Structure formats: structure tokens, C-alpha cells
Amino acid sequence: MEFARIGFRGTLPGTRPARRLVAIPAVLLVLLAGGCAERNPDPVPAEAATPSSTVDLSTLPEATTFGRTPRAPRDPDPQGTTDGVVLRVEQDIAVYDSVRGKAIARLPARQFKSPTWVPIVAERGDWARVLLPSRPNGSTGWVRADSDRVRKARSRHVVDVDVDARRLVVFEDGREIGSWEVGVGKEDSPTPLGRTFILASVRETVTDYSPIILPLGTHSETFTTYGGGPGTVALHGWPDPGVFGTASSDGCVRVPADALSLLRSLPLGTLVRLR
């Protein structure tokens, strides 16, 4: 399981050779454990763009799972796919509401102490539209893809979750490589729909229901919080196999152990479609 390289050298975070799970402080684990391609060929003149270096990043709200970006444009194609290109944010970067638009957020270099990788859903010249991990769900924003603060790669994988059918399928280069019955949100706390992505990989040290939790870039639409946290929806295991094939969670997707083993090997930023 690996990224295809685009214009750079070296092993990427999220590939199997470099994959490292990050031990997260107990306070963050308690918060998690509480619940659960558009194209425009027209070039954009470089001189028309606002350089990130002129933006005071400290004045902008953080685009993280803990943050809100109310001015962010919504995803124009919530059930769409992408060409697999993802963006690694190596230094905090400004997010804009449009090409040559206003700065609306700051996308930090790390999320849950994991490196920030976000899917690109559209490109225009030197600009890229990316999915954001902040509330409200479906938030997107434009960033300068030619900045030295970011670099591109390509994920070969897509995770498809059919909520009604309660089935998760993993694709590699368009080919199905795994399919499982899973547990999804109850009727009164449904799993949110739309396209999102694997935000981080967290080793569980507080509870024993899942050895690994994979937070997604989306949130419960029912709960504002899980156990005091931001209500982040995640892919994770569950000790009772009776939940698989049922609507029984508070919004998270509960997966069998062999599914979790595969999912944890996928690169961060991998597209996840909840439909």
C-alpha cells in the first residue's frame, strides 16, 4: 500500500515502510473514545494570487477536527470521487474561499500529532481545492499548491462505505481488495454522508474496544461532542461481532479486525466515501 510519487523523492509518511503509529495523550483518546474531480483549464496568473507569506496565519481559525470554518465553501460533489492526488501540508498554510479569494482558515501541518494529508478535489492553475477536517461537514478550501509549504502525492486507494447496506469496500487502483459487513450509526445518530478522508491513526491506550482508531475528516450531525471531544467520526474495531451488519453506533463505522488491519495500512488522506 503506497503513494505514487509526484515530482519529489523520498519515502512518504503513510506508506508502509514509514508508517508509524503515534501514541496520543490519554486526554485526546478519551475524547475519541466517547462515541463511536472538478477541473477548470483556465490558468490563474501567479501575480493575481495572494501569497501565504502576506497572511497573518495567527488570526485565522484552525481547520482541524476541533475547529470550525463557517466561511469555507461546501463540497461541490459530496458523492464524487477524485483522481487520488493528496496534499501534504509540511508547514501551516492559509486556506482561501476561492481562487484569488479571501483567507478563511489555517490548515496546520499536523492533526492528532499525525502529518496532515488532505485530498485534492479540484485544481485550477497553481491552486488546489482540498477537503478540510473541520466543521461543518463538507468544508473545502483553496490553497496554493505551488507553495514550498506543501507537496503532492497520489493514493491508490478509496474506501467506500454503503451506510444503508452496512458494507465497507476498499479499492486499490479501482480493483476491490476487501469487503466487509460493518456497523454504522443508529437511526437517531446516523453516520454522516459525503466524501471525507482518513485524518490520522491513533493507538488506543484508554479503552480496549479497538487497538487502533482512524479518525475521519467528518463529524456527527447529531452529537456536538463524544465524551467532551469534537464528535469526530472514525473507523474502528469492535469486540462484539454481533454489531457488524447492524445500525448500532453513535455515528462511527465499526469494522472487523481484518478490515481494520487493512485500513490502518492505507495512507493518510485516502478518500473515504460515506453514501
Side-chain angles (χ1 to χ4, degrees), residues 13 22 24-25 27-28 31-32 38 40 44-76 78 85-152 192 194-200 202 215-221 223-226 228-233 268-269:
V22 179
I24 302 298
V27 63
L28 289 185
L31 300 185
L32 280 174
E38 172 188 6
N40 188 326
V44 180
E47 65 272 15
T50 304
S52 294
S53 59
T54 66
V55 176
D56 185 355
L57 295 177
S58 68
T59 66
L60 300 174
E62 275 197 333
T64 72
T65 193
F66 296 93
R68 296 189 64 87
T69 51
R71 295 166 56 199
R74 300 286 78 79
D75 186 352
V85 180
V86 292
L87 200 72
R88 164 69 169 111
V89 181
E90 297 187 313
Q91 299 179 55
D92 292 12
I93 193 169
V95 180
Y96 298 84
D97 60 1
S98 62
V99 173
R100 294 171 289 176
K102 294 181 179 179
I104 56 170
R106 171 169 58 92
L107 188 59
R110 303 192 74 79
Q111 309 268 346
F112 284 118
K113 295 194 175 182
S114 291
T116 296
W117 288 93
V118 288
I120 294 177
V121 298
E123 292 185 86
R124 186 179 176 193
D126 293 331
W127 293 78
R129 189 173 191 171
V130 299
L131 298 182
L132 300 176
S134 42
R135 287 184 185 264
N137 289 342
S139 291
T140 70
W142 291 88
V143 301
R144 290 298 305 267
D146 62 340
S147 168
D148 59 5
R149 294 170 176 260
V150 302
R151 56 190 170 102
K152 291 181 181 179
R195 59 182 174 181
T196 183
F197 57 99
I198 298 176
L199 177 64
V202 178
L216 302 179
T218 192
H219 300 80
S220 170
E221 298 280 17
F223 299 104
T224 58
T225 180
Y226 289 144
T232 306
V233 169
L268 301 182

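Because the structure is a prediction, the values reported are computed rather than measured. We number each residue from 1, following the sequence as shown.
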Exercise for the section: Determine whether Arg144 and Trp127 make a side-chain contact, defined as any pair of heavy atoms from C-beta on separated by less than 4.5 Å. Expected result: yes
Practice task
For residues Ala200 and Phe112, report the shortest heavy-atom separation together with the two atoms involved.
Solution key: CB-CB, 3.8 Å
Fill in the blank from the handout: NE2 (His219) and CZ (Phe66) are apart, to the nearest 0.5 Å, by 8.5 Å
Problem - Closest contact, heavy atoms only, Val86 versus Gly269 - result: CG1-O, 3.5 Å
Exercise for the section: Answer yes or no: is there a donor N or O on one side and an acceptor on the other, between the side chain of Arg88 and the main chain of Ala109, under 3.5 Å? Expected result: yes
Exercise for the section: Could you go through the side-chain contact (heavy atoms from CB on, under 4.5 Å) check for Val150 and Val143 one step at a time? Expected result: CA-CA 9 Å; Val150 302; Val143 301; 5.5 Å; no
Handout entry: Minimum side-chain heavy-atom gap Arg110-Pro115 below 4.5 Å
Key = yes
Practice task
May I ask you to check whether Arg74 and Thr140 show a side-chain donor-acceptor distance below 3.5 Å?
Solution key: no
Completion exercise
Tightest non-hydrogen contact, residues Trp142 and Ser98, listed as CD1-CA, 3.4 Å
Practice task
Find out whether Thr65 and Pro215 are in side-chain contact, i.e. whether some heavy atom of one side chain is under 4.5 Å from a heavy atom of the other.
Solution key: no
Exercise for the section: Without swapping roles, check the side chain of Thr59 against the backbone of Asp56 for a donor-acceptor pair under 3.5 Å. Expected result: yes
Practice task
State, yes or no, whether a side-chain contact exists between Pro76 and Arg129 at a heavy-atom distance under 4.5 Å.
Solution key: yes
Handout entry: Pro133 and Phe197, any side-chain heavy atoms less than 4.5 Å apart
Key = yes
Practice task
Measure the shortest side-chain to side-chain distance between Leu199 and Leu216 over non-hydrogen atoms and say whether it is less than 4.5 angstrom.
Solution key: no
Problem - Side-chain donor/acceptor of Arg135 to backbone N/O of Pro230, under 3.5 Å - result: yes
Exercise for the section: Look only at the side chain of Arg149 and the backbone of Asp92, and say whether a donor-acceptor pair between them is shorter than 3.5 Å. Expected result: yes
Completion exercise
Interatomic distance, OG@Ser134 vs CZ@Arg106, rounded to 0.5 Å, equals 12.0 Å
Handout entry: Heavy-atom closest pair, residues Val89 and Pro108
Key = CG1-O, 3.8 Å
Problem - From Gln91 atom CD to Asp148 atom CG, the distance as rounded to the nearest 0.5 Å - result: 6.0 Å
Exercise for the section: Measure the shortest side-chain to side-chain distance between Leu268 and Gln111 over non-hydrogen atoms and say whether it is less than 4.5 angstrom. Expected result: no
Practice task
For residues Thr69 and Val95, determine if any side-chain heavy atom of one lies less than 4.5 Å from a side-chain heavy atom of the other.
Solution key: no
Exercise for the section: Using distance alone, with no hydrogens and no angle criterion, decide if Asn137 and Thr218 have a side-chain donor and acceptor under 3.5 Å apart. Expected result: yes
Practice task
Identify the heavy atoms of Ala72 and Leu132 that sit nearest to each other, and give their distance.
Solution key: CB-CD1, 4.2 Å
Handout entry: Exercise: identify the closest heavy-atom pair between Leu60 and Ala94
Key = CD1-CB, 4.4 Å
Handout entry: Rounded distance (nearest 0.5 Å) linking atom CG of Leu107 with atom CG of Leu57
Key = 10.5 Å
